[in-house]
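One structure is given here, and the rest of the page talks about it.
Every chain is numbered from 1, with letters handed out A, B, ... down the list of sequences. Everything quoted here is computed from the prediction, not taken from an experiment. Atoms considered below: every heavy atom in the structure, side chains included; atoms not considered: hydrogens, waters and symmetry mates.
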Protein chains: 2
Amino acid sequence: MVESMENLSTKEKITRIGAEIIVKEGLRKFTAKNIADKLGITDAAIFKHFKSMDEIIMDIIDKYVSRCSQSAIEAVEKGTTVKEKLELLLKAHIDVLEETRGAVPVLCFELSRSEDVAFKEKLNNFVENYKSKISQIIREGQAEGSIKEDLDPEDVAMFFIGSIQAKVFAYVISGKEGRIIEHPDQFISIIFNGIMKQ
Amino acid sequence: MVESMENLSTKEKITRIGAEIIVKEGLRKFTAKNIADKLGITDAAIFKHFKSMDEIIMDIIDKYVSRCSQSAIEAVEKGTTVKEKLELLLKAHIDVLEETRGAVPVLCFELSRSEDVAFKEKLNNFVENYKSKISQIIREGQAEGSIKEDLDPEDVAMFFIGSIQAKVFAYVISGKEGRIIEHPDQFISIIFNGIMKQ
DNA sequence: TTGTAAGGTTAGGTATAACTAACTTTTAGG
DNA sequence: CCTAAAAGTTAGTTATACCTAACCTTACAA
């Protein structure tokens, strides 16, 4: 199911197979038995590694969020122009997205309406934090005149996040293997053309 | 929960409340008991109107798909320029989207990986059909020189669908009430700027 | 060698969802 | 007003998910 997993701990295998299931089969198939079957153990053994199924999901999200936030900080530091900052940020995000097989955007969508406060808070914090980082760069771009002034920075930020979400959606429904965003440069270019001046 | 439902049949109420639950609470809360509770009846009564829970979902999808496809045909007939055709098509899609509270894009996402062949087929047919309609207009635009030639029409079509998906995503995670796409004209304009020449 | 901890196992408890059967109530048409 | 169908009820059955308890097995450190 997931390539080169032999040398991983069972705990790590559980999170990876779990993420793969969420993307390929949906949350409703994210069950202890399904994971256990793919691992060749019993469902009860899962609970030797995690207290609950929710803890597995938390683990998957935490890894993504921390890596994504870290890359965003680095992009803002390294980029010299507004365009470059946004490019670096998007590219880093795409890298993390590919590595985690798109599991977190799927979870974002499917768990955002969960009554579970812990999930909601974690995901909302991530989206808000990420949104504020992007809209700050957008405002900078509007001040220097490279980005259209009539656009609402928050809307543009959501357009960025939404566009990545849309790519994951397209990937998920295509059922294809391989990369989620096949042509990152073309993707970034379409997004930019929508918001940059002339 | 849903405004002005008093004069509707129980069957219609079930599909409307069902759609509302899918969007606001997620598929995992789409249960006979949840719907029944909100309607003030028992779960067993649901099965007087529908053979199964899946049949309710089918009903929701069917209505959306047929109305969306119909509007697409009308948009192509009525629009004189390529830009106008795309505008009419998007506006009609947005109208249907608002009326159905965004349930179908959510279902598209959550059911696309279902092992259920009937769902998969219905949703894939819709996406493929819609995609081919849009990419045909895009090709027309590229021929007349109004749309960038270097863009792949199918990619652009998926960008359209994905952007609507993204708006539903933003709506869903915001937890807000009201319209899914608050500024349709600004939304359509961002999309167009990304693909039109200069 | 022996005891302990990690990581398995089987069996089962509890909750909940889908759906059904048998019954009652409501409603609308003749 | 009567009756039959529609639409509700209660009280299940069945299946499945999460999780626990009690029990094995093996590795390895004292």
**Complete:** note: A:Phe30, atom CZ; D:dC18, atom C1'; distance rounded to Å ~ 12 Å
**Request:** Determine whether A:Glu121 and A:Asn124 make a side-chain contact, defined as any pair of heavy atoms from C-beta on separated by less than 4.5 Å.
**Result:** no
**Prompt:** Contacts to DNA chain C from residues 47-59 of chain A, heavy-atom cutoff under 4.0 Å, which residues?
**Reply:** A:Lys48, A:His49
**Request:** Would you name the heavy atoms of B:Ile147 and B:Leu86 that are closest together and state the gap between them?
**Result:** CD1-CD1, 4.3 Å
**Request:** Decide yes or no on side chain to side chain contact (heavy atoms under 4.5 Å, CB included) for B:Phe160 and B:Lys131, but give the supporting numbers first.
**Result:** CA-CA 9 Å; B:Phe160 272 50; B:Lys131 201 167 85 176; over 6 Å; no
**Asked** Over how many whole Å does the gap from A:Lys29 atom NZ to D:dT16 atom P extend?
**Response** 11 Å
**Message:** Need one value for B:Thr42: base, sugar-phosphate or nothing, where a base atom within 4.0 Å counts as base even if backbone is also close, heavy atoms only.
**Reply:** base
**Prompt:** So does B:Lys85 pair up with B:Glu140, basic N to acidic O under 4.0 Å?
**Reply:** yes
**Asked** Rounded to whole angstrom units, what separation is found between the CD1 atom of B:Ile35 and the C1' atom of D:dG8?
**Response** 17 Å
**Request:** Flag this pair as yes if the NZ/CZ of B:Lys11 is under 6.0 angstrom from the six-membered ring centre of B:Phe50 and inside a 45 degree cone about the axis; otherwise no.
**Result:** yes
**Prompt:** Between B:Lys122 and B:Asp62, is there a salt bridge with N-O shorter than 4.0 Å?
**Reply:** yes
**Quiz item: A:Asp43 side-chain donor-acceptor pair to D:dC18 base, under 3.5 Å** = no
**Prompt:** When B:Thr80 is tested against each of B:Glu84, B:Lys78, B:Lys83 for side-chain hydrogen bond (donor to acceptor under 3.5 Å, both in side chains), which residue passes?
**Reply:** B:Glu84
**Message:** Hydrogens and angles aside, do A:Glu25 and A:Asn34 bring a side-chain donor and acceptor to less than 3.5 Å of each other?
**Reply:** yes
**Message:** Any heavy-atom pair between the side chains of A:Lys167 and A:Ile94 that's under 4.5 Å?
**Reply:** no
**Asked** Along DNA chain C, 5' to 3', what are the outermost nucleotides having an atom less than 4.0 Å from a heavy atom of chain B?
**Response** C:dA17 to C:dA22
**Asked** Contact class for A:Ala45 vs. all strands (heavy atom < 4.0 Å): base, sugar-phosphate, or nothing?
**Response** base
**Request:** Quickly work out the B:Leu39 CG to D:dT9 C1' distance and round it to whole Å.
**Result:** 15 Å
**Request:** Take atom NZ of A:Lys33 and atom C1' of D:dC19, then tell me their distance rounded to the nearest Å.
**Result:** 16 Å
